[in-house]
Amino acid sequence: MASGKEIRSQISSVENTRKITKAMEMVAASKMRKAQDRMRASRPYSEIVRNIAAHLAEANPDYVHPFTIERESSKRIGLVVVTTDKGLCGGLNTNVLRIVTNKMKEEEAKGNSIITVAIGTKGLGFLNRIGAKVVSSVVQLGDAPRLEQLIGPFKALLDEYNAENLDAIYLCYNKFINTMRQEPVIDQLLPLPKDTLKVETKSHSWEYIYEPDAASVIDTLLQRYIEALLYQSVAENIGSEQSARMVAMKAASDNAGNVISDLRLIYNKTRQAAITTELSEIVAGAAAV
């Protein structure tokens, strides 16, 4: 059995750890609220752009944008893998990287080749370890990433798609459901799913005046829509990260409290046993005299 001094040292060590995890929990809670505000603020933009593009596409059925054309065969695909830069957020990264691995195995079983773009240090490290082909990456985005930080790395995939060297692009990230739940998802980014530009039935229609022309306007809008989806996925992932970290640090603090209680109980038992032994020795010595 450990001595009283050793147990006190263990208690002190766990208490210091609990202070750190408690502080990290409070910081994550503060960042989580800000991340959720940014995430919710970015959602209306992508929806409005989608609606406008859908209305324009309906008004110009003769023009079909390449982003909406389903290609006959998928021999080469691109994956955008969104993860965190830091750890200590539970199984958040593990969950999304698991579905990425399954997707890669599934595509490779079909004979398809895969190229990837890594957003986040954890995803970049994982893709390098498994030998995936990483064409571009961006790390250390911080808590408030900007769209211009993401466009450059993503352009490597987009250029390949526009050159018809890629048949599909998928977006892998953690979707924020609520504070306690984050869901890893893989969304098809390109070609856009058929229902993406679907317009709800209305009692009226739209007529547009274009400058310079309808094709240019639709091209620009769909480009902005794709960029908005990319930014939204990163915002969702950051919101998920801070929520998962807050929950993980709270669990760590609670576990540290339980360990401290157990150690104090052991310490008290050890101290009581030592006192009992000492009294027995005193009594035995007195009897001998």
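In terms of modelled atom types and a separation under 3.5 Å, the side chain of Gln149 and the main chain of Arg146 share a donor-acceptor contact. Looking only at distances, no side-chain donor or acceptor of Thr84 sits under 3.5 Å from a matching main-chain atom of Glu241. Side chain of Gln182 to main chain of Asn178: a donor-acceptor pair is present (N/O by atom type, distance under 3.5 Å, no hydrogens or angles). Panel note: side chain Ser12, backbone Ser9; no donor-acceptor pair is recorded below 3.5 Å. When atom types are taken as modelled, the side chain of Glu106 and the backbone of Ala109 share no donor-acceptor pair closer than 3.5 angstrom. Of the possible polar contacts, none joining the Ser243 side chain to the Ser240 backbone as a donor-acceptor pair under 3.5 Å is found. Side chain of Asp167 to main chain of Lys75: a donor-acceptor pair is present (N/O by atom type, distance under 3.5 Å, no hydrogens or angles).
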Could you please spell out the steps behind the side-chain contact (heavy atoms from CB on, under 4.5 Å) verdict for Thr179 and Gln36?
-> CA-CA 10 Å; Thr179 303; Gln36 290 177 5; 4.0 Å; yes
Please walk me through it: do Leu97 and Val81 pass side-chain contact (heavy atoms from CB on, under 4.5 Å)?
-> CA-CA 8 Å; Leu97 292 175; Val81 182; 4.0 Å; yes
Derivation of the side-chain contact (heavy atoms from CB on, under 4.5 Å) call for Leu79 and Met104 | CA-CA 9 Å; Leu79 291 178; Met104 293 176 73; 3.6 Å; yes
Between Asn16 and Lys19, is a side-chain contact (heavy atoms from CB on, under 4.5 Å) present by the stated rule, with each step listed?
-> CA-CA 5 Å; Asn16 290 335; Lys19 289 178 183 177; 4.2 Å; yes
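Counting only heavy atoms from C-beta outward, the side chains of Ile169 and Leu166 approach each other to under 4.5 Å. A 4.5 Å side-chain heavy-atom check between Ser216 and Asp219 finds every atom pair outside the cut-off. Put simply, the side chain of Val27 does not reach to within 4.5 Å of the side chain of Arg245, judged on heavy atoms. Proximity of Ser137 to Ile119: side-chain heavy atoms (C-beta onward) are nowhere separated by under 4.5 Å. Side-chain contact check for Val117 versus Phe154: every heavy-atom pair is 4.5 Å or farther apart. For the pair Leu124 and Thr83, the minimum side-chain heavy-atom distance is 4.5 Å or more. Within the 4.5 Å cutoff, side-chain heavy atoms of Ile186 are placed close to those of Cys172. Residues Arg264 and Ile11 have side chains in contact (heavy-atom distance under 4.5 Å, counting atoms from C-beta outward).
Enclosure of atom CD in Gln272 is not indicated, since only 12 or fewer non-hydrogen atoms of other residues, nucleotides or ligands lie within 6.0 angstrom. Residue-environment remark: CZ (Arg43) exceeds the threshold of 12 foreign heavy atoms within 6.0 Å. Within a 6.0 Å radius of NZ in Lys103, more than 12 heavy atoms belonging to other residues, nucleotides or ligands are found.
Asn93 and Lys122 make their closest contact through ND2-CG, 3.5 Å (heavy atoms, listed as atom of the first residue, atom of the second, distance). Heavy atoms only, all atoms of each residue included: Ile69 and Pro191 are closest at O-CB, 3.4 Å. Between Pro153 and Val138, the closest heavy-atom pair is CG-CB, 3.7 Å. The shortest heavy-atom contact between Ala248 and Gly90 is CB-N, 3.9 Å. Nearest approach of Asn112 to Glu107, heavy atoms of both residues: ND2-OE1, 2.7 Å. For the residue pair Glu15 and Ile260, the shortest heavy atom distance occurs at CG-CD1, 3.4 Å.
Hydrophobic clustering keeps Val96 apart from Met39 (ILVMFWY residues linked when any side-chain heavy atoms are closer than 4.5 Å, directly or through intermediates). Put simply, Leu92 and Phe176 are part of two different groups of oily side chains (I, L, V, M, F, W, Y) that touch within less than 4.5 Å, one to the next. In the hydrophobic cluster analysis, where Ile, Leu, Val, Met, Phe, Trp and Tyr join through side-chain heavy atoms closer than 4.5 angstrom, Val247 is grouped apart from Met249. Both Val185 and Ile226 are part of a single hydrophobic cluster, where members link through side-chain heavy atoms under 4.5 Å apart. There is a path of hydrophobic side-chain contacts, each under 4.5 Å, that joins Ile99 to Ile77.
Put simply, OH on Tyr161 and CZ on Phe67 are 7.5 Å apart, with the number rounded to the nearest 0.5 Å. To the nearest 0.5 Å, the span separating CG on Leu127 from OG1 on Thr116 amounts to 4.5 Å. For the atom pair Leu230 CG and Ser233 OG, the distance stands at 5.0 Å (nearest 0.5 Å). Atom-to-atom distance recorded for Leu229:CG and Leu190:CG is 9.0 Å, nearest 0.5 angstrom. Here OG of Ser261 is found 11.0 Å from CD1 of Ile266. Values are rounded to the nearest 0.5 Å. Note that CD of Gln242 is 9.0 Å distant from OG of Ser30, once rounded to the nearest 0.5 Å.
The side-chain contact (heavy atoms from CB on, under 4.5 Å) test applied to Asp159 returns Lys155, not counting sequence neighbours.
Each of Gln232, Glu47, Glu236 was scored for a side-chain hydrogen bond (donor to acceptor under 3.5 Å, both in side chains) with Ser42, with one residue passing: Gln232. Here the options are Ile238, Asn237, Leu150, the test is side-chain contact (heavy atoms from CB on, under 4.5 Å), and the partner is Leu141; only Leu150 passes.
Salt bridge annotation for Lys31-Asp143: present, with a cationic side-chain nitrogen under 4.0 angstrom from a carboxylate oxygen. In this structure, Lys250 pairs ionically with Asp254, as a charged nitrogen and a carboxylate oxygen lie closer than 4.0 Å. Look at Lys105 and Glu108 and you find no salt bridge, because none of the NZ, NE, NH1 or NH2 atoms lies under 4.0 Å from a carboxylate O.
A side-chain donor-acceptor contact under 3.5 Å links Asp187 and Tyr173.
In the hydrophobic clustering, where aliphatic and aromatic side chains (Ile, Leu, Val, Met, Phe, Trp, Tyr) are joined below 4.5 Å either directly or transitively, Met26 stands alone.
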